[in-house]
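Before any comments, here is the structure.
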Amino acid sequence: MLGTALRQARSKTLTSLCCRSGVAQLTQASSWIVFGDSQDACMQHGWAAVQQASFAKASKKGKKDGNTANALASFDASQASSEMTRAVEYLEQELASVRTGRASPGLLDSLKVQVYGQRMPLKAAASISVRDSQTLLVTAFDPSTVAAIEKAITSSTLSLNPRTEGQELVIPIPRATKETLAAMGKIIKQAGEAAKVKVRQARKSAVDLSKDLPSEDDQKKAEKQVQKMTDQVVVSIDKICSAKEKELHVL
């Protein structure tokens, strides 16, 4: 009876050790004794089970990380990026035509001229330079287009009155009054806000697209990427507007 009690005690001890070592089940004490009637054997078997469980867990995690990487790689925010870039480019064009009271070639960048049966940018039909701080000089590439260039300038909203001198057009730039500067300041702010609206619209489209990703974690990561891109573009817009506003006060 003492031998039976000893074997039962040993079996109980081995069961406890094996369970602590990561073995999932133990059905018969005798099977462990046959396997190896020692704590070392039991521990070795338990450690093998732990290793297998750890490997399975790591494999599962690696597969999950790989799936996440593949999902994010398939997320295409290029359309939103292009729309944001166009918003910034349009803003720059709009602000270039804001008259500040100083001669700037960019003042005429948005103008188009009707020549050769088509409309083209003014800078494609003539060179634009600064004669002095209050005068622009436009030189037509083709003398036959001078009249069309003059018409494009006078019919614009810039309120400019060019003077034709042969193949050149001399354009005096009136000095800006306080009222004009204040109005220009408002136009700059409005243009900046309009650009930000376009950027936010592009962001919304990208975020909506991210909802097609397979998991909530992927969606959050994609949305974070889009938000980072949005923040960077908004900072650029603020810098562009700030620089233009400073230009108003350097007169």
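Residue numbers start at 1 and run along the sequence shown. Note that the structure is predicted; figures quoted are calculated from it, not measured.
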**Request:** For residues Leu160 and Leu108, determine if any side-chain heavy atom of one lies less than 4.5 Å from a side-chain heavy atom of the other.
**Result:**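 Yes - at least one pair of side-chain heavy atoms lies under 4.5 Å apart.
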
Can you give me the closest heavy-atom contact between [X] and [Y], atom names plus distance?
X	Y	result
Ala202	Met84	CB-CG, 3.9 Å
Ala96	Asp109	CB-OD2, 4.4 Å
Val199	Ala87	CG2-CB, 4.2 Å
Gly117	Gln114	C-NE2, 3.5 Å
Ala222	Leu213	CB-CD1, 3.6 Å
Gln219	Ser210	CG-O, 3.2 Å

**Request:** Using only heavy-atom distances, determine whether the side chains of Ser205 and Gln79 contain a donor-acceptor pair under 3.5 Å.
**Result:**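 Judged by distance alone, the side chains do not pair up.
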
**Asked** Will you find, in the side chains of Ser144 and Asp142, an N or O donor that is under 3.5 Å from an N or O acceptor?
**Response**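 Yes, side-chain donor-acceptor contact under 3.5 Å.
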
**Message:** Give me each pair satisfying salt bridge (charged side-chain N to carboxylate O under 4.0 Å, His left out) with a member in residues 177-190, each pair once, sequence neighbours excluded.
**Reply:**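 Checked against salt bridge (charged side-chain N to carboxylate O under 4.0 Å, His left out) - neighbours excluded - the pairs reaching residues 177-190 are Lys189-Glu245.
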
Run the side chain to side chain contact (heavy atoms under 4.5 Å, CB included) test against [X] and tell me which residues pass, sequence neighbours left out.
X	result
Ala140	Thr145, Val146, Ile149, Gln167
Ala148	Val113, Val115
Pro121	Lys112, Lys123, Ala124
Arg131	Thr135, Leu137, Glu165, Glu168, Val170

What's the spacing between [X] [atom1] and [Y] [atom2] if we round to 0.5 Å?
X	Y	atom1	atom2	value
Ser215	Lys221	OG	NZ	7.5 Å
Ser78	Glu83	OG	CD	9.5 Å
Leu91	Lys198	CG	NZ	9.0 Å
Glu247	Leu95	CD	CG	9.5 Å
Leu136	Ser104	CG	OG	7.0 Å
Glu94	Cys241	CD	SG	11.0 Å

**Message:** Taking the basic N atoms (NZ, or NE/NH1/NH2) and the acidic carboxylate oxygens, is any pair closer than 4.0 Å for Glu223 and Arg203?
**Reply:**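 Here Glu223 pairs with Arg203 in a salt bridge, since their nearest N and O are under 4.0 Å apart.
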
**Prompt:** Is it true that Lys211 and Asp208 have a side-chain N and a carboxylate O under 4.0 angstrom from each other?
**Reply:**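 So Lys211 pairs with Asp208 through a salt bridge.
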
Is [X] linked to [Y] within one hydrophobic cluster, defined over Ile, Leu, Val, Met, Phe, Trp and Tyr using a side-chain heavy-atom separation of less than 4.5 Å?
X	Y	result
Leu111	Met184	no
Tyr90	Met229	no
Ile240	Val233	yes
Ile173	Ile187	no
Val88	Val197	no

**Request:** In sequence, state the C-alpha distance, the side-chain angles, and the governing distance for Ile188 and Leu248, and then conclude on side chain to side chain contact (heavy atoms under 4.5 Å, CB included).
**Result:** CA-CA 10 Å; Ile188 292 171; Leu248 293 177; 3.7 Å; yes

**Message:** Main chain of Glu150, side chain of Thr154: is a donor-acceptor contact present, judged purely on distance under 3.5 Å?
**Reply:**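 Yes: the side chain of Thr154 pairs with the backbone of Glu150.
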
**Request:** With sequence neighbours excluded, tell me which residues meet salt bridge (charged side-chain N to carboxylate O under 4.0 Å, His left out) with Asp238.
**Result:**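 So Asp238 forms a salt bridge (charged side-chain N to carboxylate O under 4.0 Å, His left out) with Lys196.
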
**Item:** Glu216, CD atom: more than 12 neighbouring heavy atoms under 6.0 Å
**Value:**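 Counting other residues, nucleotides and ligands, CD of Glu216 stays at 12 neighbours or fewer.
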
**Asked** Is atom CZ of Phe141 surrounded by more than 12 heavy atoms (other residues, nucleotides or ligands) closer than 6.0 Å?
**Response**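 Check passes, neighbour count above 12.
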
